[in-house]
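Note sheet for the following structure.
Quick note on labels: first sequence line is chain A, next is B, and so on, each numbered from 1. Fair warning: this is a prediction, and the values are worked out from it, not measured in the lab.
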Amino acid sequence: MVDILRTGLSGLIASQRALATTSHNIANVNTPGYSRQRVELTTNLPDLPGNAARSMYVGTGVQVQSITRVYDDFLTQQVRNHGSNVSQSETLDTWISQLDGILGDSQTGLSPALSQFFAAVQDVADSPASLSARQALLGQASTLAASFQEMNGQMDSLRQGANETLSDTVTQVNVLAENIAKMNGAIALSQGSGTSSDLLDQRDQLVADLAQKVPVSTVTQDDGTLSVFIGNGQSLVLGNQANTLETVRSASDPRKLDIRFEGSNVGINNLLNGGEIGGLLDFQNEVLDPAQNKLGLMAAGLTETFNAQHKLGLDFNGDPGGDFFAPITPEVAANAANTGSGALTVTLSNIGDLQPSDYELSYNGTGYNLRRLSDDQSVSLGAGPPFTAEGMTIAIGGTPAAGDRFLIQPTQASARNFQVLITDSRQFAAADSVGGVGNNANAIGLANLQTDQTLRGGTSSLQDIQSQMIAEVGTQGSGARSAVQAQTALLEQATQARDGFSGVNLDEEAANLMRYQQAYVAAAKVIQVGDSIIQTLLDAVRR
Amino acid sequence: MLRIATSLIYQQSSKAINDRQVALAKVQQQLATGNRILDHADDPVGSARLLGLNEELGRYNQYQRNIDLASGRLNVEDSTLGDAGDLLQQARELTLQANNDTLNTEDRGFIAMEIRQLHSQMLNLANTRDGDGEYLFAGFKSHTQPFDASGNYQGDQGQRSIQAGSYLDVPVGDSGQKVFETDPSDPTKGVFATLDTLADELESPSANFHNVMADTLTRLDQHFDNLNAVRTEVGARLKALDDQQNTNSDFVVHLRETISDVGDLDYPEAATRLSYATFVLQAAQQSFVSIQKLSLFNYMG
């Protein structure tokens with residue numbers, strides 16, 4: 001009879017646990033990364049009354065064997081990996097559309113300024129003796145210079161913004177790594193007494209957040225801790241220890257940041273090809289660099305071709321034309337890690353051969369190698385130094401040491417430094433070498449530069465370069481946009497699969513709630529019956 | 001067994017609604033601006049093409065401006081040449097008159113005065129300036145008066161051209177030498193020398209007066225023919241400019257159509273998209289409202 005009370009009580013307790021678990025599930029229906037929990041019930045060991053036959057086992061009720069976490073490692077990893085991809089594409093898309101806005105169209109930005117500048121050259125060709133037409137030309141030239149500088153300045157601030165975001169993101173990675181390490185510590189401590197599902201969920205959520213910043217791979221250790229790796233196996237979290245990442249100004253290109261582990265001097269940028277960090281690096285290297293170099297090539301191309309033609313003519317006073325725009329000097333940066341005393345002097349030798357790319361010149365102790373960074377191709381240097389390659393003349397002073405590297409950026413700064421040198425409109429050389437204030441032959445020659453295909457080996461006009469820039473950024477933008485859609489669809493599928501398995505369904509929980517409530521009521525009834533049996537017996541033996 | 005997490009129902013619904021709203025906002029912006037391409041990523045090739053087309057449009061507008069200016073200048077030259085021809089005709093008639101033996105010395109003196117007057121008018125014509133103050137007949141030295149008081153040429157042989165189209169350069173002036181001196185190698189055979197010689201002869205006739213008159217008539221005819229030849233050339237240039245202007249106008253119309261085809265919104269198509277996007281958004285909202293009502297909890301007492 002006491003057995004009935006004990007059995008009833010076990011049902012009561014099991015139902016209570018099940019109801020508690022169900023309400024925990026309901027409460028966490030919207031918690032990100034939560035895995036639903038399930039009560040595993042089992043029967044108690046039966047009693048075998050001492051004098052009974054072997055077939056007389058009497059059940060003694062129920063017990064909660066465990067509360068399990070409904071979880072699948074593969075599904076969780078899928079969500080995490082697709083999350084990395086989505087955030088990479090989204091980052092790329094966001095930054096490209098910002099760049100897209102800067103590039104302007106046929107009504108705003110550089111394009112109308114360029115058209116109006118050449119129209120002003122034509123106006124001078126119409127009336128070469130008119131000082132007002134000449135003055136108007138100088139005005140348009142200044143407007144054009146301002147447009148070049150403005151667009152380049154906006155690209156510079158976009159680059160700065162991307163750098164700041166990159167460094168913030170690296171900080172967030174460090175915080176997440178730190179938190180994962182702490183969570184590892186807590187999980188390792190609780191390992192003996194059975195690990196809490198909720199701690200594991202929280203750690204998984206931290207790893208998922210981390211995967212949005214940078215792709216990770218994980219390995220679960222025997223003590224329950226999770227090791228987290230980035231790149232091609234560099235450990236970010238081991239046990240309760242996190243390694244810290246830092247950003248430093250790049251040794252090769254001072255405009256950029258290198259990401260590396262604290263205490264190491266090896267940058268790992270090229271290993272981080274995913275997540276927000278991968279997106280930011282891709283944007284800078286694959287989108288912004290080529291666009292800015294094309295803008296620079298336009299500025300350099302206009303400067304060089306215009307100056308060359310201008311010098312063929314005579315100005316209003318009959319004097320030979322000088323530089324109309326300030327001449328372009330390629331930028332050179334010696335790698336911060338160089339040990340030799342070598343210094344480069346780079347000049348433009350043939351604007352028609354110049355490419356919209358940066359270059360790296362390296363010295364191996366015996367010879368030089370020039371690498372074009374836009375397509376990562378080695379370029380033939382010919383005899384030298386001084387070398388003549390890709391429209392540049394590269395002279396080397398001092399003594400470089402083996403392993404020294406130099407970054408050459410022929411067009412990087414040309415849009416920033418684009419400016420009009422002529423201040424007196426009489427200095428505009430509208431006349432050819434015959435001279436005369438009414439002579440417009442050189443002005444016609446200058447006007448023709450608008451459409452002449454003088455650049456990229458005689459294949460492109462100034463306008464063509466801009467069209468190429470816009471088409472390229474546009475194509476990259478639409479590529480990123482489709483990637484976002486495709487990756488998001490994959491992430492949704494993965495999330496659906498993971499949540500379908502691990503997520504909470506309220507209807508299911510409602511059913512469980514009713515089911516366990518009824519079981520609770522029934523168990524309580526059992527106790528009532530047990531109580532009434534005992535009462536009956538006590539009443540029978542009273543008096 | 002397929003399970004669905006309750007949070008997924010909300011996520012999917014809100015994503016569907018958000019996607020529809022993005023589509024709606026886009027078509028709204030397209031309708032508001034009339035542009036098919038809102039950023040370069042919408043149509044990279046079209047964006048680049050629009051840039052080139054608009055540059056071309058700008059260039060053709062500039063050609064039209066060049067043609068207007070050149071036509072103005074050539075019209076001034078044409079009428080100046082016409083006036084100069086009239087002066088030569090008057091000189092010819094006066095020479096014929098003076099050649100008549102019935103005229104006495106005094107009469108010829110009056111004719112000489114008229115010839116000197118014609119000389120001065122001719123000089124004024126040869127030193128004509130255009131609206132910008134440039135001398136029409138000075139070659140490239142357009143700020144230098146081409147003929148001094150005695151009719152000596154101070155300009156050069158330069159001839160300015162303007163761009164009237166992608167493939168057409170048109171000369172917009174002629175040197176004074178070409179117009180007023182039949183034989184550039186011998187300035188004494190110029191219009192002004194002829195008129196001077198004529199006036200001198202009338203004022204103090206020589207022994208072979210009639211020979212000089214006959215010679216003068218020949219030379220005046222030569223000058224007249226020369227002027228007419230230049231004038232015909234100017235006429236031909238004006239015609240060429242006119243033709244080119246028509247060609248350019250046609251091309252500008254074509255360019256504008258192309259620009260519109262590439263960049264402008266197809267309104268009926270956009271309106272269809274707008275109503276479709278609105279419809280789908282409403283459907284997504286309605287389905288969300290009805291799905292979220294379905295819960296077993298509603299039936300628990």
How long is the straight-line distance from [atom2] of [Y] back to [atom1] of [X], given to the nearest 0.5 Å?
X      : Y      : atom1 : atom2 : value
A/I470 : B/L51  : CD1   : CG    : 4.5 Å
A/E508 : B/I4   : CD    : CD1   : 12.0 Å
A/L506 : B/L294 : CG    : CG    : 12.5 Å
B/H40  : A/M469 : NE2   : CE    : 8.0 Å

Could you tell me which non-hydrogen atom of [X] sits nearest to which non-hydrogen atom of [Y], and how far apart they are?
X      : Y      : result
A/S127 : B/E134 : CA-OE2, 4.3 Å
B/F297 : A/L513 : CE2-CD2, 3.9 Å
A/G474 : B/P44  : C-CG, 3.3 Å
B/G52  : A/S467 : N-OG, 4.4 Å

Part of [X] within contact of chain B (heavy atom distance under 4.5 Å):
X      : value
A/N30  : side chain
A/Y34  : neither
A/F501 : backbone
A/S111 : side chain
A/T488 : side chain
A/Q450 : both
A/T451 : side chain
A/N448 : side chain
A/V504 : backbone
A/A119 : both
A/L99  : neither
A/E492 : side chain
A/A511 : both

Which of [options] touches chain A most, by non-hydrogen pairs under 4.5 Å:
options                      : answer
B/A41, B/S7, B/S295          : B/A41
B/D132, B/D39, B/V45         : B/D39
B/E55, B/H143, B/K15, B/K141 : B/E55

Main-chain N/O of B/R160 paired to A/N440 side chain as donor or acceptor, under 3.5 Å: no
Any side-chain to backbone donor/acceptor pair from A/S115 onto B/G58? Under 3.5 Å, distance only. no
Which bit of [X] comes within less than 4.5 Å of chain A, counting heavy atoms only: side chain, backbone, both or neither?
X     : answer
B/Q12 : side chain
B/Y10 : neither
B/R59 : side chain

If the threshold is 4.0 Å, N to carboxylate O, is there a salt bridge linking B/D42 and A/R481? yes
Should B/Q163 and A/I444 count as side-chain neighbours, where that means a heavy-atom distance under 4.5 Å? yes
Just wondering, are more than 12 heavy atoms of other shown residues or ligands nearer than 6.0 Å to OH in B/Y267? yes
A/R498 and B/L8: CA distance, side-chain angles, deciding distance, side chain to side chain contact (heavy atoms under 4.5 Å, CB included) verdict: CA-CA 10 Å; A/R498 181 212 168 270; B/L8 198 72; over 6 Å; no
Which of A/S97, A/A497, A/G436, A/G438 touches chain B most, by non-hydrogen pairs under 4.5 Å: A/G438
Working note: A/M514 + B/L296, criterion side chain to side chain contact (heavy atoms under 4.5 Å, CB included); need CA distance, chi angles, decisive distance, verdict. CA-CA 10 Å; A/M514 290 190 265; B/L296 193 51; 3.8 Å; yes
Here's a test for you: under side chain to side chain contact (heavy atoms under 4.5 Å, CB included), which of B/N66, B/I162, B/L69 qualifies with A/Q122? B/N66
List the steps, then state whether side chain to side chain contact (heavy atoms under 4.5 Å, CB included) holds for B/Q62 with A/D126. CA-CA 10 Å; B/Q62 181 65 34; A/D126 287 343; 4.1 Å; yes
